[in-house]
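What's counted below: heavy atoms across the whole structure, side chains too, no hydrogens, waters or symmetry copies. Being a predicted model, the structure only gives us computed values, none of them experimental. Numbers for residues simply follow the sequence, beginning at 1.
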Amino acid sequence: MHSIARCLFTLALVAVPLTASAAALQQTPKQAAPLTAAPTSGYRAEFLANLDELEHKYLDLATKVPVKLYTWRSSKEVRSFSEVFGHVAASTYFMANLLGTPPPDDMPKDPEKITNKQVIVAELRRSFKHVRETVVRMTDAELEKGTRLAGKPATQRAVLTAHLTHLHEHLGQVIAYARMNHIAPPWSM
């Protein structure tokens, strides 16, 4: 599953430009709608609860990792701390884009190349807020609406589920990186 999920997201990020996916061009941007109260039950509420937990863990870890380790990587063929955090921010914007909410106009062109800790933490926080607002603005009926993911037909629910899988995968990666550097994730102490 790990390699399949990774391949799907890699294909999706390469095949569909972040600011001009076919799904986004066919839909009205969600940011035009007023923000309503977050759902308290159903799939969107479950997604948002999971997203909140992931955001908390990413931000805790991104904050705890010392600046000097942001460019550290376990081997040359894998992403560094900063590249993983930047990739998470980029993919979070990308998922919202697939749901019809384009990324902010001032989103960094390539978040994976950011090495400044403060900028990365801010971009992580902003990307999670962006996707959260997208999901709050959705209706339950929109979960079954069609879109494309990695070049294949999918529902918006599938996009959200794939995003959670992707976030959990990379959280595991940065937890392993942290432990290799004798850093205990703050929530596990």
Side-chain angles (χ1 to χ4, degrees), residues 1-19 21 46-98 103-104 106-132 135 149-152 154 158-189:
M1 181 67 174
H2 166 75
S3 62
I4 292 171
R6 184 179 197 128
C7 288
L8 285 175
F9 271 87
T10 301
L11 285 172
L13 290 173
V14 170
V16 184
L18 199 61
T19 57
S21 76
E46 293 165 0
F47 172 87
L48 291 169
N50 202 320
L51 186 73
D52 288 346
E53 180 182 349
L54 284 160
E55 178 183 19
H56 174 76
K57 288 179 177 180
Y58 271 107
L59 291 174
D60 278 355
L61 202 49
T63 302
K64 187 162 184 178
V65 172
V67 171
K68 67 182 181 181
L69 290 178
Y70 260 60
T71 56
W72 180 91
R73 64 185 76 234
S74 60
S75 62
K76 65 181 179 180
E77 64 275 352
V78 298
R79 290 180 174 107
S80 66
F81 271 111
S82 64
E83 289 168 338
V84 173
F85 292 137
H87 174 74
V88 165
S91 68
T92 300
Y93 286 128
F94 176 75
M95 288 298 108
N97 193 48
L98 287 178
D106 63 345
M107 182 193 120
K109 183 176 178 165
D110 191 351
E112 284 192 45
K113 292 186 178 174
I114 301 169
T115 56
N116 180 296
K117 179 177 176 173
Q118 287 181 311
V119 173
I120 286 175
V121 169
E123 210 54 50
L124 275 170
R125 183 174 282 116
R126 192 167 78 132
S127 70
F128 276 97
K129 179 181 181 209
H130 185 75
V131 81
R132 181 179 297 100
V135 172
L149 180 62
K152 296 180 181 178
V159 169
L160 293 174
T161 300
H163 188 51
L164 289 177
T165 301
H166 184 245
L167 290 174
H168 281 286
E169 175 185 340
H170 287 297
L171 181 61
Q173 182 180 11
V174 292
I175 289 170
Y177 282 12
R179 293 205 180 272
M180 292 168 86
N181 284 282
H182 310 288
I183 300 168
W187 63 88
S188 69
M189 298 164 74

message: Within the structure provided, determine whether Pro66 and Ile183 are in side-chain contact (heavy-atom separation under 4.5 Å).
response: yes

message: Taking the side chain as everything from C-beta on, heavy atoms only, tell me whether Arg126 gets closer than 4.5 Å to Tyr93.
response: yes

[X] and [Y]: which non-hydrogen atoms are nearest, and at how many Å?
X	Y	result
Val84	Arg79	CG2-CB, 3.6 Å
Ala62	Lys117	O-CE, 3.3 Å
Ala90	Pro111	CB-CG, 3.9 Å
His130	Pro103	NE2-CA, 3.8 Å
Leu51	Leu167	CD1-CD1, 3.8 Å
Ala158	Leu149	O-CD2, 4.3 Å

Nearest-0.5 Å distance, [atom1] of residue [X] to [atom2] of residue [Y]:
X	Y	atom1	atom2	result
Ile114	Glu112	CD1	CD	10.0 Å
Met180	Leu69	CE	CG	11.5 Å
Asp60	Glu55	CG	CD	10.0 Å
Asn116	Tyr70	CG	OH	9.0 Å
Phe81	Ile120	CZ	CD1	11.0 Å
Asp52	Arg132	CG	CZ	4.5 Å

message: Parallel, tilted or perpendicular, judged at 30° and 60°: which one describes the rings of Phe128 and Tyr58?
response: tilted

message: Using the salt bridge (charged side-chain N to carboxylate O under 4.0 Å, His left out) criterion, which residues pair with Glu53? Sequence neighbours excluded.
response: Lys57

- request: State which residues pass salt bridge (charged side-chain N to carboxylate O under 4.0 Å, His left out) with Arg179; sequence neighbours excluded, sorted by chain then number.
  value: none

Result of checking Glu169, His163, His168, His170 against His166 for side chain to side chain donor-acceptor pair (under 3.5 Å): His170

- request: Give a yes or no answer on whether the side chain of Arg73 reaches the backbone of Val78 with a donor-acceptor pair at less than 3.5 Å.
  value: yes

task: Taking Lys113 for its side chain and Pro108 for its backbone only, find out whether a donor-acceptor pair lies under 3.5 Å.
output: no

query: Among all residues two or more places apart in sequence or in another chain, which pass the ring-ring contact (aromatic ring centres under 6.0 Å, His included) test with Phe47?
result: none

